[in-house]
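Each chain gets a letter, A, B and so on, in the order the sequences are listed, and its residues count up from 1.
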Amino acid sequence: MYDIIAYEEASCIEEAIKLLVANPNATLISGGSDVLIKLHEGRMQDAHLISIHGIKELSGVSMLEDETIVIGSGTSFSKISKHPIVQQFIPVLGEAVDMIGGPQIRNIGTIGGNICNGVTSADSASTLFAFNARLEIQGPDGVRTVLIKEFYKGPGKVDLQHEEILTTIFITPDNYRGYGGHYIKYAMRNAMDIATLGCVALCKVKGINQIEDFRLALGVAAPIPMRCTETEQLIKGENFTEELIEKVGKTALKEVNPRTSWRASKDFRLQLVEELSKRAFRQAFKNAGGEQ
Amino acid sequence: MQLKKITFKINSKEITIEVDVRESLLDVLRNKLHMTGVKKGCSVGECGACTVLIDNVAFDTCIYLAVWADGKEIRTIEGEAKEGKLSKVQQSFLDEAAVQCGFCTPGFVMSTTEMLESGKVFSKEQIKKELSGHMCRCTGYHNIMLAAEKALQPAKEHGSECTGKCHK
């Protein structure tokens, strides 16, 4: 039995917010693949849970008239990677979330939970950083939106008040149209593992080999997911060459700040930053239709 | 103690029971419904031994609150053989001797069943990926791969139209 002292089920977002307001010590549970494990391991005790599991309005992928992609925070990873909109317009996000855990975890885990945990290793987070995703947050006072890069405040800390719920993730067309992308997860195993380093590159090509736009985002390269903006600026407008690839790796190294953990040393992570940035850039360039 | 009455289908049979909100679906299936083919392994969603199909999708029941089963359709290994005849996946596991100690076998069978019923064709690498939620630390996966490949072979190569759904 889980160490739960009270359990309430919300049938809609408004009800969930009301329950959160009424219960200052309550914890929101959606997929449960983090919360229930914390409870099992005793890292959380006497939990008062408010379940938003199965709230229909929080789940699903759709597209607005202006072609903004809308992802409900309660959408499971497998629903995201299998969704035709994701596969057609932002396949790299589908590829990234398809590397989380194993199939059963991807059937229960949600993209909203992945972000709200605030961990740097979240496979969906670096990709959403690259897409400049905007997050919609609902609370008792209404709705507000925040860019994902402003949402992360520190390890395990995100810009979310107790009575607020992340409801929706938006990716606007100017952030995905024409981009080719590639995500690399480096871990000790191909499945059921947490990223030692995660690296995503998005690339837009002008002509056959000029880099019109370039985005590089990393997970576990710093306390929170990050973009390598200096590297991005250096690469924009350049022609794709082997030297340019080297430049991506070397410049990215100057921007990151990984730590030594039991999973890997700082030095090893630095090596991964350099190598994976190069590989992700090369593949993203190809995926964007570029030719060397 | 907080109880909640829930109704769900278990292996095609509808039941209504009272569950404790603290219980996992795994605990309810094993302790209240005596479906002991659903195995308790790691309890943290890593080994896949407790896998069942919920609305025909594979889930780890150890990290699934029992109350969430309300209104769902659950399939466990106990319901896979029909009228004394093993399902196609079960038969493939038997033919290939796809067991080491057998503890993880029900979970493997349920995930392979989901794959079979999807109607998709899987490469060897894709099978490994789809079954990765069951692979933890054993060395006995060779025959399990053979069994899954056998079960998932397109029906034409078998010279039969059986998709495994009919249990004929």
So what's closer than 4.5 Å to chain A heavy atoms on [X]: side chain, backbone, both or neither?
X        : answer
B:Lys4   : side chain
B:Met135 : both
B:Cys42  : backbone

Proximal component of [X], with respect to chain B [non-hydrogen, under 4.5 Å]:
X        : answer
A:Ala6   : both
A:Met192 : side chain
A:Ser51  : side chain
A:Asp98  : both

Heavy-atom closest pair, residues [X] and [Y]:
X        : Y        : value
B:Asp27  : A:Met1   : OD2-N, 3.8 Å
B:Trp68  : A:Ser30  : CH2-O, 3.6 Å
A:Tyr7   : B:Gln2   : O-NE2, 2.7 Å
B:Tyr64  : A:Leu36  : N-CD1, 3.9 Å
B:Gly133 : A:Pro103 : N-CD, 3.8 Å
A:Gly102 : B:Ser132 : CA-OG, 4.1 Å

Hey, could you give me the [atom1]/[atom2] distance between [X] and [Y], rounded to the nearest 0.5 Å?
X        : Y        : atom1 : atom2 : result
B:Ile63  : A:Ile37  : CD1   : CD1   : 4.5 Å
A:Leu39  : B:Leu65  : CG    : CG    : 8.5 Å
A:Glu9   : B:Asp70  : CD    : CG    : 7.5 Å
A:Ile108 : B:Ile54  : CD1   : CD1   : 7.0 Å
B:Glu125 : A:Asn190 : CD    : CG    : 8.5 Å

Hey, is [atom1] on [X] packed in by over 12 heavy atoms from elsewhere, all under 6.0 Å?
X        : atom1 : result
B:Lys39  : NZ    : yes
B:Lys72  : NZ    : yes
B:Lys9   : NZ    : no
A:Arg263 : CZ    : yes
B:His142 : NE2   : no

If you tally heavy-atom pairs under 4.5 Å against chain B, which of A:Ile4, A:Ile29, A:Leu49, A:Asn107 wins?
A:Asn107
Applying salt bridge (Lys or Arg N to Asp or Glu O under 4.0 Å), name anything that partners B:Lys32, two or more places apart in sequence or on another chain.
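Scan of B:Lys32 (salt bridge (Lys or Arg N to Asp or Glu O under 4.0 Å), adjacent residues dropped) gives B:Glu23.
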I'd like to know if the side chain of A:Gln104 reaches the main chain of B:Thr51, judged simply by a donor and an acceptor atom lying under 3.5 Å from each other, with no hydrogens or angles considered.
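Side chain of A:Gln104 to backbone of B:Thr51: no pair is present.
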